[in-house]
Amino acid sequence: RFTGTLRSCLGAACFTATPAGAAVDARIALLAPPSAVAAEVFRWYRALCPGKKPKIEWVETAHAPPYGYGKNHGYTRIVRLALPLTASVAAAAAGDAAATLRQHVRWHCRVSHVAAHTALLTLFADDFATPEARRLTAERLISFAGFKVSHDMLDAAEAAFAPVAASFAALRGAARDLAAPSESLDAALSNELKRTNVLRAWPC
């Protein structure tokens, strides 16, 4: 139910704006709550797009942008990594897992509201689960940044994936070891979805 609320905005109707005076063709935000997986995924993504044209400014951050068009938040496009909530909470290594889960749900709610207007691509763990899924994901990411995709680029993406795979494996272990009872996380998620009208309420 939660993952079904995580919106993307793709296509010609999605607003793309580069701030006036920027010395780049596009500013692309790479958004995720802090985790080693996010750092590796975004490092892998940036390496897929080494060309000089278009000129990209990558902005990797855990801060949700303010609601509105690109002229409000300064991003041409946004890529969001949405890990499974238990894994995301485990990566945060916070003391109160239920409170951390609520923060992550609200964070995703705010990012999804930005997707009402701004070009935004949401990625899930399943998008990296198999070589076939990774190839499709790499193609989508390269195209989303404005680059022309080639078979060599996709082959290079798979060849460079090992550090990302290792970070996913470590995170799965941390999620299994999460000390909080699953019932408390389930209750926190249910209450947060109810409070936000299944992430439709604004402000989140």
State, with a plain yes or no, whether a side-chain heavy atom of [X] is found less than 4.5 Å away from one of [Y].
X	Y	result
Arg43	Val164	yes
Arg140	Ser143	no
Thr16	Arg77	yes
Cys49	Ile56	no
Leu83	Val37	yes
Val114	Tyr75	no
Leu31	Thr61	yes

Could you measure the distance from the [atom1] atom of [X] to the [atom2] atom of [Y]? Nearest 0.5 Å is fine.
X	Y	atom1	atom2	answer
Thr196	His108	OG1	NE2	12.5 Å
Leu30	Ile28	CG	CD1	7.5 Å
Ile78	Ser8	CD1	OG	10.5 Å
Glu192	His104	CD	NE2	12.0 Å

With a 3.5 Å distance limit and no angle check, can you tell me whether [X] reaches the backbone of [Y] through a side-chain donor-acceptor pair?
X	Y	value
Ser190	Asp186	no
Asn191	Ala188	no
Thr76	Ala17	yes
Arg80	Arg7	yes
Arg27	Gly74	yes
Trp44	Pro163	no
Thr137	Phe128	no
Thr5	Phe2	yes

Discussion item. Let me check something: do Val111 and Leu81 share a hydrophobic cluster, defined by ILVMFWY side-chain heavy atoms less than 4.5 Å apart, either directly or through other members?
Written reply: no
Worksheet item: Given the rule that I, L, V, M, F, W and Y join up when any side-chain heavy atoms are under 4.5 Å apart, are Leu85 and Leu193 in one cluster?
Response: yes
Please find the pair of heavy atoms, one from [X] and one from [Y], that lie closest to each other, and give the distance.
X	Y	value
Phe42	Ala32	CE1-CB, 4.0 Å
Ala91	Leu171	CB-CD1, 3.7 Å
Lys148	Ile142	O-CG2, 4.3 Å
Phe147	Pro54	CZ-O, 3.5 Å
Phe168	Ala125	CE2-CB, 4.1 Å
Ala26	Thr18	CA-OG1, 3.6 Å

Worksheet item: Salt bridge between Arg135 and Glu132, side-chain N to carboxylate O under 4.0 Å?
Response: no
Discussion item. Could you go through His63 and His73, starting from their C-alpha distance and side-chain angles, then the distance that decides it, and tell me whether this counts as side chain to side chain contact (heavy atoms under 4.5 Å, CB included)?
Written reply: CA-CA 11 Å; His63 294 290; His73 51 61; over 6 Å; no
Item to complete: Would you check if the distance from the ring center of Tyr45 to the ring center of Trp58 is below 6.0 Å?
Response: yes
